[in-house]
Amino acid sequence: MSSREKYWLKVWSDRRVFEPDPIQGKKKMFVTVPFPYMNAAVHVGTAFTAARVEFYARFRRLQGYNVLFPWAWHWTGKTIVGMSQRLKQGDPAARRTFVQVDGVPEKEVEKFTDPEYLASYYTKASRQVMKDSGFSIDWRREFRTVDPAFRKFVEWQYLRLREMGYVVQGTHPVVWCPFDKSPTGDHDRMEGEGVSPEEFTLIKFHLGEWALVAATLRPETIYGATNVWVNPDAEYSEARVDGELWVVSSSALTRLAEQKHEVVPVRSFKGSELLGRYAMAPLTGKALPVLPARFVDDSLATGVVYSVPAHAPYDYVALRDIQQGKVESGRQIKEIADKLAPIPILTLKGYSQVPARDAVEKMGIADSADPRLEAATSEVYKAEFHGGVLTQASGPLAGLTVAEAKPKSVELLAKTERLARMFVLPERVVCRCGNRCYVKILENQWFLNYSNPEWKAKTRQVVEKADVFPEDARQWFYSTIEWLNDWPCARRSGMGTKLPWDKEWIVETLSDSTIYMAYYTLSKFVNLEKIGPDHLTPEVLDYVFFGKGNPASLAKSVKTTDKRLRQLREEFMYWYPVDLRNSAKELIPNHLTFFAFHHAAFFPEKQWPRGFGINGMILIEGKKMSKTKGNFVTWKGALEKYGADGFRLALALTADGMDDADWRGRAAEDAKGKVEALIPFVKKTLKSTEVRPENELDSWLVSTFHRRIGTTTEAMEELKIRRAAATVYLDVWNDIRYYLHRGGKPRRQTLTEVFGAWVRMMSPFTPFVAEDLNRELGGKGLASQADWPALKDFPLDEGAELAEWVLGRVTEDARKVLNVVKGPRSKLNVYVSSDQAKNYFFELAAAKQKKESVGQVVKKYSSLKIQPDRVFKLFYEIGEEALAKVASHRGFDEFATLSEASGFISKELGISVVVQKSGASGLHDPGGKAKDALPTKPALYLE
RNA sequence: GCGGGGGUCGCCCAGCCUGGUCAACGGCGCGAGGCUUAGGACCUCGUCCCUUAGGGGUUCGUGGGUUCGAAUCCCACCCCCCGCACCA
């Protein structure tokens, strides 16, 4: 870090510039960003999101708001613990990420086996990098989500939510990791992303007094069953399941037990023992042989399936394999198989009676090992589901479509009492910890009742009343609110706060961070040790946040003072509501909407959030940032490379709206260069100034600057950071360059004023260089505390703007001509329109404006020999707005302007320039062009 | 599949809400010139095609439509990105 950066950081800190307390009567602005999760180094994505609020905060501060921008750290959840765990298990990938991507010293990584240490390391590092970036955060309010006082806040929150009926209990099937003893979410899986529990139908085939329990997704095919498959190599068991005698694969026993079945194992044996026995099917009453099939996965469902070779390609091929002697199964098995043939049970357009065979033969599938069986299965299944109609072979199901037959078959089976159900993972799911997952029916889980229609309706209002930047994002909120279902809000493992009424459960990360912004008003007092966790009883918090209860008696009961409690209440009432919460768009479907839900539940309308800011995700050189791809850019790394101001400006110029922000090294270099060039540019420019009266060009600069202030202010107020920054650093800079380039010595006072204001406009984005410049320019106080430039200090001057505009048009026209005309060209004659032509022009304009007939006017000026069409074409060319401007400045002296600028034009074009006025006597007009001149469109002639 | 966003002149991107001043802002890249011992930085000009007088032609994913007039409004289609939940 450079010494000047250090210097200003110290000044801001010493003067407590960013430590706001309530000032009654002063307008306030409370802005927040979701706290980052402390399992890794903060990166440019975090920085991008946070920087938008940082810029906004500094901008609002200059506008005179009392701005609070607090920060905290998210430790809740199991990710930190999980990473620590993996490191402990010696996972080399985990270590590599810490060391190579995040740049953690080896010595520190050793200690990361302690999750708390891991989180505290990153917290410390992240805090430092944010401070070094000059973020205007009130660090007095910082906290971690595991702090005792914060836990009291979360406990209070959940007690109240439950009382309001928003926390309910439920029992649901979940993907379960037996090692973690916890549900395994998508991101926690090594294998099986996107797989969720599916309900299979279990059908009991009688095997003497035992039931061989087969699992299926297609119970309607039961009439087509020819045999039952088991895996001859797998282990099976006899067991009492809910008092019945079942035969299933041994591994299925665990899964059944997790699905609320009472399981008592009796004995286990190899699958081959079952081969050749006959099992009686329900409904049909047929005795079906048990045959071997190695495609049967004993770890899926019950490890037993029944075979429908006519309609299931796997079954068809497995049976054919045995018949063709491809399976070593002994003669007896083959003889049984030889007698079996597919039993068609439905008709399907475009297929024969045996669709499974059609698909298998079409694809040329050779045997059970062929991976294309998967595709064949899905093809047949889809076709049958949509177009299959059951035939007489299916008995009571005859005439039904597959879709209709499915529930009907279940109904029939239920009557036979030979039906059961089981949740199954249709594909392998492996937890990050390496263990195979299965479905568990998790009982009495706690849910946030987001499906509650009244709660939804109220939440919708929260969003309706708030600003959403950009507006495009609003619809997404509404759809999310509609779509959101009950959310499991507590888990068994990880860091966090226990549910106060059920200590087995820990409030989950997305659920403990919905109204914590309110806690920022309290954390200041906690950190200053004015109040401690013991004081924060639910009743006290009711008072602080709801104003309920009597502060005097509450104070007595928790041993603090009445005054203190009133102060907490005042602090909250002053800062709330949140004026802006900004985050990346991927948080709309969860965090931001949860945030809206909980505010709807807890607070009255006047304390609902006022604004949502949404930004895109960060890309690195056009590609998604990823630790494994090696294109990961940490905040620290970027800060060190480009400096605080350079980094900040690069972030500001990256993207607006929900567009993804493309972080490019090249652009960051550029930003850094711009920042560095500022001071020399300002210094050098000021040195070249002189003291003199204001001329038209000076007025032009001031007037243009007026417009720049306008666009910047408007953009900032709508959180269009890039637009604002581009105006300040690109447009304004270009304006000044043009002003210098345009000619003459710059006027000292004009530039001093413009620079003074310019610096204040830079201050939100690049505060360090702004402070330097502010000092350089003799500004009093700090640029971080100055006033945002006022429009009235930079008056508009349409006349001056008109002059530069016409000049630009003339130069452009002349360039076009020069481009096209070949031959000698040493002199450009510029003919400004005569007074007569000018009158003609304006009278036509007026007539057109009033939609009057123009005949009179045309006749009046017929001597000019200017076709009215030409004038109308010009009107069209310059546009209505410009025409109005021209019309309201009839006094504008085009001749004087262009005469004055002839030197400039000449320099620009590298040719001598003579400006004359049409109609003047002694006109040099060899091309006879002068008569064509019109206002804003002088005639040109090249010699 | 459902939901959200988007496809603009080599690349990135503005404009679209509130149709005409849009061959279309700005940046990058590229070309020419200036400055400089040289390079870099910086400054000026150029960068769809055609054109010996400021002009013309064809462009804003594709195809229709509305309109005197459409990148902008309407309809259909194609393509890309993101989210889809027990988790940050």
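By convention in this document, chain letters (A, B, ...) are assigned in the order of the sequence lines, proteins followed by strands, and residues within each chain are numbered from 1.
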Indicate whether A:W476 forms a stack on B:rG3; treat it as stacked only if centroid distance is below 5.5 angstrom and interplanar angle below 30 degrees.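 Ring-base stacking flag not set for A:W476 and B:rG3.
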Tell me: [atom1] of [X] to [atom2] of [N], nearest whole Å?
X: A:I588; N: B:rG4; atom1: CD1; atom2: C1'; value: 8 Å
X: A:M658; N: B:rG83; atom1: CE; atom2: C1'; value: 12 Å
X: A:E669; N: B:rG40; atom1: CD; atom2: P; value: 16 Å
X: A:I614; N: B:rC82; atom1: CD1; atom2: C1'; value: 13 Å
X: A:I736; N: B:rC42; atom1: CD1; atom2: C1'; value: 16 Å
X: A:I481; N: B:rG3; atom1: CD1; atom2: P; value: 16 Å
X: A:L592; N: B:rC82; atom1: CG; atom2: C1'; value: 15 Å
X: A:E943; N: B:rA53; atom1: CD; atom2: C1'; value: 14 Å

Might you confirm whether atom [atom1] of [X] has over 12 heavy atoms from other residues, nucleotides or ligands at distances under 6.0 Å?
X: A:R723; atom1: CZ; value: no
X: A:E504; atom1: CD; value: no
X: A:K683; atom1: NZ; value: no

If we take the [atom1] atom in both [N] and [M], what is their distance in whole Å?
N: B:rG19; M: B:rC42; atom1: C1'; value: 41 Å
N: B:rA32; M: B:rA53; atom1: C1'; value: 24 Å
N: B:rG64; M: B:rG10; atom1: C1'; value: 31 Å
N: B:rC22; M: B:rG55; atom1: P; value: 13 Å
N: B:rG63; M: B:rG5; atom1: C1'; value: 23 Å

Working to the nearest 0.5 Å, report the span between CD of A:E586 and NE2 of A:H591.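 Spacing of CD (A:E586) from NE2 (A:H591) equals 12.0 Å.
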Partner set under salt bridge (Lys or Arg N to Asp or Glu O under 4.0 Å) for A:K931, not counting sequence neighbours: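 Here no residue qualifies.
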Kindly write out the residues that satisfy salt bridge (Lys or Arg N to Asp or Glu O under 4.0 Å) with A:E717, not counting sequence neighbours, or none if the list is empty.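 Expected list: A:R60.
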Distances under 3.5 Å between nitrogen or oxygen atoms of protein and nucleotides 29-33 of chain B:
residue	atom	partner	partner atom	Å
B:rG29	OP1	A:R666	NH1	2.5
B:rG29	OP1	A:R666	NH2	3.1

Categorize [X] for me: base, sugar-phosphate, or nothing, with a 4.0 angstrom heavy-atom threshold over every strand shown.
X: A:K585; answer: nothing
X: A:A939; answer: base
X: A:L730; answer: sugar-phosphate
X: A:P197; answer: nothing

The side chain of [X] is closest to which nucleotide in this list: [options]?
X: A:K816; options: B:rG27, B:rG4, B:rG55; value: B:rG55
X: A:P488; options: B:rC86, B:rG4, B:rC84; value: B:rC86
X: A:D670; options: B:rG55, B:rC28, B:rG83; value: B:rC28
X: A:K624; options: B:rG55, B:rC82, B:rC45; value: B:rC82
X: A:V174; options: B:rA53, B:rC86, B:rC82; value: B:rC86

Would A:F612 and A:F595 count as a close aromatic pair, with their ring centres under 6.0 Å?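 Yes; A:F595 has its ring centre under 6.0 Å from that of A:F612.
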What is the base-pairing partner of [N], counting Watson-Crick and G-U wobble geometry with both distances under 3.5 Å?
N: B:rG1; value: B:rC84
N: B:rC35; value: none
N: B:rG46; value: B:rC30

Give me the atom names and distance for the closest heavy-atom approach of A:Q445 to A:P488.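 Closest approach of A:Q445 to A:P488, heavy atoms only: OE1-CB, 3.6 Å.
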Does the structure place the NZ or CZ of A:R742 under 6.0 Å from the centre of the six-membered ring of A:F904, at an angle of no more than 45° from the ring's axis?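 Here A:R742 passes the 6.0 Å and 45° test against A:F904.
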Where along residues 440-450 of chain A does a heavy atom fall under 4.0 Å from RNA chain B?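 Those residues whose heavy atoms fall under 4.0 Å from RNA chain B, taken from residues 440-450 of chain A in numerical order, are A:Q445.
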Of all residues at least two apart in sequence or in a different chain, which pass the ring-ring contact (aromatic ring centres under 6.0 Å, His included) check with A:Y941?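 Partners of A:Y941 under the ring-ring contact (aromatic ring centres under 6.0 Å, His included) test: none.
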Is the A:H598 ring parallel, tilted or perpendicular to the A:Y158 ring (thresholds 30°, 60°)?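 Because their plane-to-plane angle lies in the 30° to 60° range, the rings of A:H598 and A:Y158 count as tilted.
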Whether [X] side chain and [Y] backbone form a donor-acceptor pair below 3.5 Å:
X: A:R809; Y: A:T936; result: yes
X: A:R474; Y: A:V463; result: yes
X: A:K456; Y: A:I481; result: yes

Contact pattern, 5' to 3', of nucleotides 12-21 of chain B - B, S or - by protein heavy atom under 4.0 Å: -SS-----SB
